[in-house]
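All ligand and atom numbering here is 1-based and tracks the order in the structure.
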Amino acid sequence: MKFMVLNGPNLNLLGTREPDVYGHTTLSQIMQELMEEAAALGFEVEAYQSNHEGDLIDQIQRAKLEKFSGIIINPGGYTHTSIALRDAISGVDLPTVEVHLSNIHAREEFRQHSFIAPIAVGQIVGFGAAGYGLALRALSDFLINRGECD
Ligand code: CA2
C-alpha cells in the first residue's frame, strides 16, 4: 500500500521557530522517520509540502489518479479556512486522516474548527511529530477492517 502525506503552509518552517508549540524537529526529519516507519510496516509513503492551496489540491487529485490507498494530511492554516481543500478530499474519496502537531482544540477559538474533520476518517492532534506515525497505523487498520488488504 502507498500513502500520500501532505503538509500545508508554513510547515516547512518546523524546527526553526516556535519550538515550544511545534517542537525542534524539522519537517524533513519527521518525514524521513515516517518513511522508515512505513517501510518497516511494508508500506510506501510519498511526502509533499506546499505553501499553496492549489498545489495541495493537485497532489490530492494525483493521489487518486495514481491509486494511492489513502492520504495523511496536516493542512496547516488551511484546516480552518479551505472549503476547496475539503472539496478536493471529498472528490477523490480516498480515506484521509487529519494530523496536527498541536492540540488545536486547546488553542485559539479560530483553530478549533476544521473544515476537513467532517470528511476525514479521523483526526490525530496534540502528539507532535508522533502523530504522523499514529495516522499511518490508523489508516492501515482502517483499510484492513474495510477488507482492502491483509
Ligand atoms: O498544529 C498543527 O499541526 C497546525 O496544523 C500547524 C499550523 C496551524 O496553523 C494549525 O492551526 C495547527 C501552523 C504551522 C506553522 O508552523 C510553523 C512552524 C514553525 C514556525 C512558524 C510556523
Side-chain angles (χ1 to χ4, degrees), residues 1-41 43-64 66 68-143:
M1 279 193 292
K2 57 179 179 177
F3 298 112
M4 183 171 278
V5 181
L6 296 174
N7 284 287
N10 297 308
L11 286 157
N12 56 315
L13 298 177
L14 281 180
T16 63
R17 284 177 236 161
E18 299 190 50
D20 43 324
V21 185
Y22 298 118
H24 288 277
T25 318
T26 65
L27 186 62
S28 58
Q29 286 168 329
I30 296 171
M31 291 301 111
Q32 185 56 45
E33 275 178 33
L34 183 68
M35 281 173 197
E36 286 164 18
E37 212 174 321
L41 295 167
F43 305 136
E44 232 181 281
V45 153
E46 193 175 318
Y48 184 85
Q49 186 277 332
S50 178
N51 293 326
H52 306 279
E53 197 173 20
D55 282 348
L56 294 166
I57 291 168
D58 287 345
Q59 293 305 313
I60 291 165
Q61 294 182 2
R62 186 170 71 80
K64 182 70 176 183
E66 296 184 9
F68 281 74
S69 300
I71 297 172
I72 294 168
I73 184 166
N74 182 344
Y78 288 142
T79 307
H80 321 295
T81 63
S82 181
I83 294 168
L85 210 50
R86 175 194 172 126
D87 287 346
I89 295 168
S90 293
V92 296
D93 194 28
L94 287 176
T96 297
V97 176
E98 178 183 350
V99 173
H100 296 284
L101 298 155
S102 63
N103 179 359
I104 56 172
H105 304 290
R107 299 186 64 191
E108 303 97 320
E109 205 175 329
F110 65 84
R111 290 189 206 276
Q112 294 175 20
H113 176 260
S114 165
F115 279 105
I116 309 303
I119 52 120
V121 171
Q123 193 187 51
I124 295 173
V125 305
F127 293 103
Y132 292 93
L134 295 170
L136 187 70
R137 284 157 204 269
L139 206 42
S140 95
D141 283 359
F142 175 83
L143 289 165

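- Distance check, rounded to the nearest 0.5 Å: CD1 of Ile60 to CD1 of Ile73 gives 4.5 Å.
- The side-chain heavy atoms of Leu41 and Arg137, taken from C-beta on, include a pair separated by under 4.5 Å.
- Ligand 1 has an N or O atom lying under 3.5 Å from an N or O atom of Leu101, backbone or side chain.
- For atom 9 (O) of ligand 1, the nearest non-hydrogen atom of the protein is Arg111 NH1, 3.0 Å.
- Heavy atoms from both the backbone and the side chain of Asn10 come within less than 4.0 Å of ligand 1.
- The shortest side-chain heavy-atom distance between Arg107 and His100 does not fall under the 4.5 Å cut-off.
- At under 3.5 Å, a nitrogen or oxygen of His100, whether backbone or side chain, sits near a nitrogen or oxygen of ligand 1.
- Between the side chains of Gln29 and Glu33, no donor-acceptor pair is found at a separation under 3.5 Å.
- Panel note: side chain Gln123, backbone Val99; no donor-acceptor pair is recorded below 3.5 Å.
- Closest to atom 13 (C) of ligand 1 among all protein heavy atoms lies Tyr22 OH, 3.5 Å.
- Looking only at protein heavy atoms, the nearest one to atom 19 (C) of ligand 1 is Arg17 O, 3.2 Å.
- Residue, atom and distance of the protein heavy atom nearest to atom 21 (C) of ligand 1 are Glu18 OE2, 3.7 Å.
- In this structure, atom 14 (C) of ligand 1 lies nearest to the protein heavy atom Leu11 CD2, 3.8 Å.
- Using a 4.5 Å heavy-atom cutoff, the side chains of Asn7 and Tyr132 are in contact.
- Contacts of Ile104 with ligand 1, taken as heavy-atom pairs under 4.0 Å, involve the side chain alone.
- A 4.5 Å side-chain heavy-atom check between Met4 and Leu94 finds every atom pair outside the cut-off.
- Inspection of the Ser50 and Gln59 side chains reveals no N or O donor paired with an N or O acceptor under 3.5 Å.
- Inclusion of Ser102 in the set of residues having an N or O under 3.5 Å from an N or O of ligand 1 is warranted.
- The contact set between ligand 1 and Gly77, taken as ligand atoms under 4.0 Å from a residue heavy atom, comprises 9 (O).
- The N/O atoms of His80, backbone and side chain alike, include one that comes under 3.5 Å of an N/O atom in ligand 1.
- Looking at every heavy atom in both residues, Ser114 comes nearest to Ala117 through OG-N, 3.0 Å.
- Nearest to atom 5 (O) of ligand 1 by heavy-atom distance, out of Asn74, Ile73, Val125, is Asn74.
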